[in-house]
Chemist: 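The structure is given below, and queries will be raised subsequently.
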Amino acid sequence: MFGGITCKSTVNEIESTFGSAANIKTSEDKLRRIYNYPKYNISFGLSEAKVKAIFIFDKSKYPTALQFE
């Protein structure tokens, strides 16, 4: 859990807590997405409209970890 967001949380719950994502990466089949919040050093991996993974990064060790191309 991070900021009240857990696996099975929805996009609406993420956005009500953290606001709009800085970037959203969508898989080719459109079934999976990653919502990126570099301000908080966190990303959320979603599948089937639910959080499946929470990625937290230490920018001092991985300064480009949350940069999407």
Side-chain angles (χ1 to χ4, degrees):
M1 176 169 43
F2 184 85
I5 303 300
T6 66
C7 286
K8 300 184 183 179
S9 291
T10 65
V11 171
N12 290 337
E13 292 170 312
I14 294 169
E15 290 180 340
S16 69
T17 302
F18 295 99
S20 296
N23 314 84
I24 301 172
K25 180 75 172 174
T26 305
S27 66
E28 287 184 27
D29 62 9
K30 310 284 189 228
L31 298 176
R32 294 173 307 279
R33 296 177 311 283
I34 297 175
Y35 284 69
N36 184 24
Y37 292 87
K39 176 180 176 182
Y40 302 103
N41 298 334
I42 192 163
S43 292
F44 299 97
L46 287 89
S47 178
E48 300 174 15
K50 301 281 184 182
V51 173
K52 300 295 182 184
I54 300 172
F55 308 99
I56 303 170
F57 298 95
D58 179 347
K59 282 193 165 187
S60 68
K61 293 183 181 181
Y62 306 100
T64 61
L66 297 175
Q67 293 180 3
F68 288 9
E69 295 180 7

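All values below were derived from every heavy atom in this structure, side-chain atoms included, with hydrogens, water molecules and symmetry-related copies excluded. All residue numbers refer to positions in the sequence shown, counting from 1.
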Chemist: Under the ring pair (Phe, Tyr, Trp, His ring centres under 6.0 Å) rule, what do Phe18 and Tyr35 come out as? Steps first, then yes or no, please.
Modeler: CA-CA 11 Å; Phe18 295 99; Tyr35 284 69; over 10 Å; no
Chemist: If you compare all heavy atoms of Pro38 against all heavy atoms of Ala22, which two are closest, and at what distance to 0.1 Å?
Modeler: CD-CB, 3.5 Å
Chemist: To the closest 0.5 Å, what do you measure between OG (Ser16) and CD1 (Ile5)?
Modeler: 6.0 Å
Chemist: CD1/Ile14 to CD1/Ile54 distance, rounded to the nearest 0.5 angstrom?
Modeler: 8.0 Å
Chemist: Less than 4.5 Å apart, any side-chain heavy atom of Lys50 and any of Thr10?
Modeler: yes
Chemist: Got a second to check how far Lys8's NZ is from Lys52's NZ, nearest 0.5 Å?
Modeler: 7.5 Å
Chemist: Over 60° means perpendicular and under 30° means parallel, so tell me whether Tyr37 and Tyr40 are parallel, tilted or perpendicular.
Modeler: tilted
Chemist: What distance do Asp58 atom CG and Asn41 atom CG have between them, rounded to the nearest 0.5 Å?
Modeler: 7.5 Å
Chemist: What closest approach, in Å, do Gly45 and Phe55 show between heavy atoms, and which atom pair accounts for it?
Modeler: N-CE1, 3.8 Å
Chemist: Report the distance from atom OG1 of Thr26 to atom CD of Glu28, rounding to the nearest 0.5 Å.
Modeler: 11.0 Å
Chemist: Under a 4.5 Å cut-off applied to non-hydrogen side-chain atoms, are Val51 and Glu13 in contact?
Modeler: no
Chemist: Hey, could you give me the CD1/CZ distance between Ile24 and Phe44, rounded to the nearest 0.5 Å?
Modeler: 12.5 Å
Chemist: Ignoring hydrogens, what is the shortest heavy-atom contact between Ser43 and Ile34? Give both atom names and the distance.
Modeler: CB-CG2, 3.8 Å
